[in-house]
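The block underneath contains the structure these notes are about, expressed in structure tokens.
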Amino acid sequence: MSSESVPPEVFARTGQDILRLSKGKELKDFSGRFNSAFGTNSKRCSILWKNLVRRKYIPKETSPKHLLWSLLFMKVYADEVILSSLAQCDAKTFRKWIW
């Protein structure tokens, strides 16, 4: 996917999917939950994405969820098995995209 610009709304939606937050009570404090899990907000993720693409630091097949996985890993620093379960992928796939 690796397009030059990804709007903050895409990161917010992707973060919502990763955190498995449904519409309703769980979304009441979504920005706090997003910040708690990823260490930043969706607007800063969008800015980070743009800077990484411009400097060619990420492969073309990278998607916003992969950036969020990396941020989750750095923020939470839990075992790969736990984080890959949260990301709904196997540990090998998770490891590929967080490094």
Side-chain angles (χ1 to χ4, degrees):
M1 175 178 189
S2 188
S3 65
E4 176 88 16
S5 178
V6 176
E9 297 78 23
V10 171
F11 282 102
R13 240 179 295 121
T14 305
Q16 182 180 339
D17 291 343
I18 291 171
L19 298 175
R20 295 188 187 110
L21 299 176
S22 61
K23 297 176 184 172
K25 197 168 92 172
E26 292 176 331
L27 291 180
K28 186 176 180 182
D29 184 36
F30 175 69
S31 62
R33 290 172 185 251
F34 189 97
N35 195 16
S36 178
F38 304 110
T40 190
N41 60 40
S42 58
K43 184 172 178 151
R44 287 190 181 135
C45 287
S46 181
I47 293 166
L48 176 60
W49 179 270
K50 191 173 185 178
N51 288 328
L52 290 171
V53 169
R54 280 188 184 162
R55 289 170 175 81
K56 299 179 179 166
Y57 286 146
I58 54 176
K60 290 197 184 297
E61 62 273 5
T62 305
S63 71
K65 74 178 179 182
H66 300 131
L67 177 59
L68 290 178
W69 288 359
S70 295
L71 293 172
L72 180 69
F73 174 73
M74 289 186 286
K75 173 72 170 139
V76 178
Y77 202 69
D79 187 84
E80 248 175 37
V81 174
I82 295 167
L83 292 176
S84 64
S85 174
L86 184 59
Q88 300 177 22
C89 66
D90 62 43
K92 184 177 178 182
T93 301
F94 188 78
R95 187 178 320 112
K96 172 186 175 180
W97 290 108
I98 63 169
W99 292 109

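On a predicted model such as this, the values are computed, not experimentally measured, just so you know.
With hydrogens and angles disregarded, a donor-acceptor distance shorter than 3.5 Å links the side chain of Ser70 to the backbone of Trp97. In this structure a side-chain-to-backbone donor-acceptor pair under 3.5 Å is present from Ser46 to Val6. The backbone N or O of Val10 sits less than 3.5 Å from a side-chain atom of Thr14, completing a donor-acceptor pair.
With rounding to the nearest 0.5 Å, the separation of CZ in Arg55 from NZ in Lys50 is 11.5 Å. Distance check: Leu83 CG to Ile98 CD1 gives 7.5 Å after rounding to the nearest 0.5 Å.
Remark: Tyr57 engages no residue in a ring-ring contact (aromatic ring centres under 6.0 Å, His included) (not counting sequence neighbours). Residues satisfying the side chain to side chain contact (heavy atoms under 4.5 Å, CB included) test with Lys92, not counting sequence neighbours, are Asp90, Arg95.
Phe34 and Asn41 make their closest contact through CE2-C, 3.5 Å (heavy atoms, listed as atom of the first residue, atom of the second, distance). Nearest approach of Leu68 to Cys45, heavy atoms of both residues: CD2-SG, 3.8 Å. The two atoms that bring Asp17 and Gln88 nearest to each other are O-NE2, 4.2 Å, heavy atoms only. Nearest heavy atom pair, residue Ile18 against residue Lys65, reads CD1-O, 4.2 Å. Of all the heavy atoms in Ala12 and Ser42, the pair that sits closest is N-CB, 3.9 Å. Between Arg20 and Ser85, the shortest heavy-atom contact is NH2-O, 3.1 Å.
Looking only at side-chain heavy atoms (C-beta outward), Leu52 and Leu67 come within less than 4.5 Å of each other.
The aromatic rings of His66 and Trp69 lie perpendicular to each other, with more than 60° between the two planes, well past the 30° mark.
Residues Phe94 and Trp99 fall within the same hydrophobic cluster, defined by Ile, Leu, Val, Met, Phe, Trp and Tyr side chains chained together at heavy-atom separations under 4.5 Å. In terms of hydrophobic clustering, with Ile, Leu, Val, Met, Phe, Trp and Tyr side chains grouped at heavy-atom distances under 4.5 Å, Met74 and Leu19 are assigned to a common cluster.
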Worked check of side chain to side chain contact (heavy atoms under 4.5 Å, CB included) between Phe11 and Trp49
CA-CA 10 Å; Phe11 282 102; Trp49 179 270; 3.8 Å; yes

